[in-house]
Trainee: 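I'd like to ask some things about the structure below.
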Amino acid sequence: MGFLGGNHHFVSNSYLVKTKNLTNNQEAQLSQKLRDTDKVQNTSFISTQVEKQDSLSRSLQPVVLIFIVLSGTLAFVVLYNLTNINISERERELATIKVLGFFDNEVTMYIVRENVIFTIFGILVGFGIGKMLTWFIITMASSDLVTFPLIILWESYLISAAMTTVFSAIVMVVTHLKLKHINMIEALKSNE
């Protein structure tokens, strides 16, 4: 009985051969010798495939760097704008607190506490959404010839959390400077 239940017999047309570690020059010589026998049409070495994969990965590095820079910029802009909106909406309330005798640091901590909670929440939610987005991008970038594994190192989570924390800290410093210069009289005179 043949292959697939018919009268056809399986005939192998390729071989996987394990050799000792060869240099590129030795691989080329072995490949030429095998093709010279007229029984081998093509040879392929794993080292060549690894080099191609490394080259492809290196070509993606600028794209990844662009994603990181744009994501960081977006995070900073969103944090900054949300904090500015928060302050402008509550300027009268913050001026009242200052009039009641609270120091600048205490007024800043009034806003910063909220930002810290939002930053922690954003980091944790971002881990999950980031993993799903990475899976989607990798799935879309994969083809019949190349498949990328979804590998996110724990260091990547730490770096992204650290970057978000740094952006949040910068926004908090800017917030402190802005809160120090709230014109209490104008804020309290303005209509709601």
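Throughout, residue positions are numbered sequentially from 1 according to the sequence presented. As the structure is a prediction and not an experimental result, all values here were calculated from the model. Atoms considered below: every heavy atom in the structure, side chains included; atoms not considered: hydrogens, waters and symmetry mates.
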Trainee: Could you tell me which residues satisfy salt bridge (Lys or Arg N to Asp or Glu O under 4.0 Å) with E114, sequence neighbours excluded, listed by chain and number?
Mentor: R90
Trainee: Could you give the distance from CE (M172) to OG1 (T108), rounded to the nearest 0.5 Å?
Mentor: 11.0 Å
Trainee: Just do the side-chain contact (heavy atoms from CB on, under 4.5 Å) check on L22 and Q29 with the steps written out, would you?
Mentor: CA-CA 10 Å; L22 302 174; Q29 288 175 357; over 6 Å; no
Trainee: Do M109 and I120 sit in the same hydrophobic cluster, where Ile, Leu, Val, Met, Phe, Trp and Tyr count as joined when their side-chain heavy atoms come under 4.5 Å apart?
Mentor: yes
Trainee: Any side-chain heavy-atom pair from T43 and L30 closer than 4.5 angstrom?
Mentor: no
Trainee: Other than I66, what residues sit in its cluster of Ile, Leu, Val, Met, Phe, Trp and Tyr side chains whose heavy atoms are under 4.5 Å apart, directly or through others?
Mentor: L70
Trainee: V171 and F118: same hydrophobic cluster, using ILVMFWY side-chain contacts below 4.5 Å?
Mentor: no
Trainee: Other residues, nucleotides and ligands only: do more than 12 of their heavy atoms fall within 6.0 Å of CG on L153?
Mentor: yes
Trainee: Which distance, rounded to the nearest 0.5 Å, do you find between the CG of D54 and the OG of S59?
Mentor: 11.0 Å
Trainee: Partners of Y80 by ring pair (Phe, Tyr, Trp, His ring centres under 6.0 Å), sequence neighbours excluded?
Mentor: none
Trainee: Working note: T37 + K33, criterion side-chain contact (heavy atoms from CB on, under 4.5 Å); need CA distance, chi angles, decisive distance, verdict.
Mentor: CA-CA 7 Å; T37 65; K33 282 182 186 176; over 6 Å; no
Trainee: Taking a hydrophobic cluster as the set of Ile, Leu, Val, Met, Phe, Trp and Tyr residues connected by side-chain heavy atoms closer than 4.5 Å, whether directly or through intermediates, do M140 and W135 fall within one such cluster?
Mentor: yes
Trainee: With ILVMFWY side chains joined below 4.5 Å, transitively, what does F67's cluster contain besides itself?
Mentor: V63
Trainee: Please name all residues satisfying side chain to side chain contact (heavy atoms under 4.5 Å, CB included) with A161, sequence neighbours left out, ordered by chain then number.
Mentor: I123, F127
Trainee: Does the side-chain contact (heavy atoms from CB on, under 4.5 Å) test come out yes or no for I68 and M163, once each step is laid out?
Mentor: CA-CA 10 Å; I68 290 170; M163 287 175 64; 4.0 Å; yes
Trainee: I need the minimum non-hydrogen distance between R58 and P62, along with the two atoms involved.
Mentor: O-CD, 3.5 Å
Trainee: For a 4.5 angstrom cut-off between non-hydrogen side-chain atoms, does N105 reach H176?
Mentor: yes
Trainee: Could you grab the distance from atom CG of L74 to atom CG of L79, nearest 0.5 Å is fine?
Mentor: 9.5 Å
Trainee: Taking a hydrophobic cluster as the set of Ile, Leu, Val, Met, Phe, Trp and Tyr residues connected by side-chain heavy atoms closer than 4.5 Å, whether directly or through intermediates, do I87 and Y110 fall within one such cluster?
Mentor: yes
Trainee: Quick check: do K131 and L150 have side-chain heavy atoms less than 4.5 Å from each other?
Mentor: yes
Trainee: Apply side-chain contact (heavy atoms from CB on, under 4.5 Å) to the pair N86 and L82, showing each step before the final yes or no.
Mentor: CA-CA 6 Å; N86 191 9; L82 286 175; over 6 Å; no
Trainee: Locate the shortest heavy-atom distance separating Q41 from R35; write the atom from each residue and the value.
Mentor: O-CD, 3.8 Å
Trainee: Considering only residues two or more places apart or on different chains, which pairs with a residue in residues 152-168 satisfy side-chain hydrogen bond (donor to acceptor under 3.5 Å, both in side chains)?
Mentor: T119-S168
Trainee: Under 3.5 Å, is there a donor-acceptor pair linking the side chains of T83 and N115?
Mentor: yes
Trainee: Looking only at heavy atoms, what is the nearest atom pair of F45 and S31, with distance?
Mentor: CE1-CB, 4.0 Å
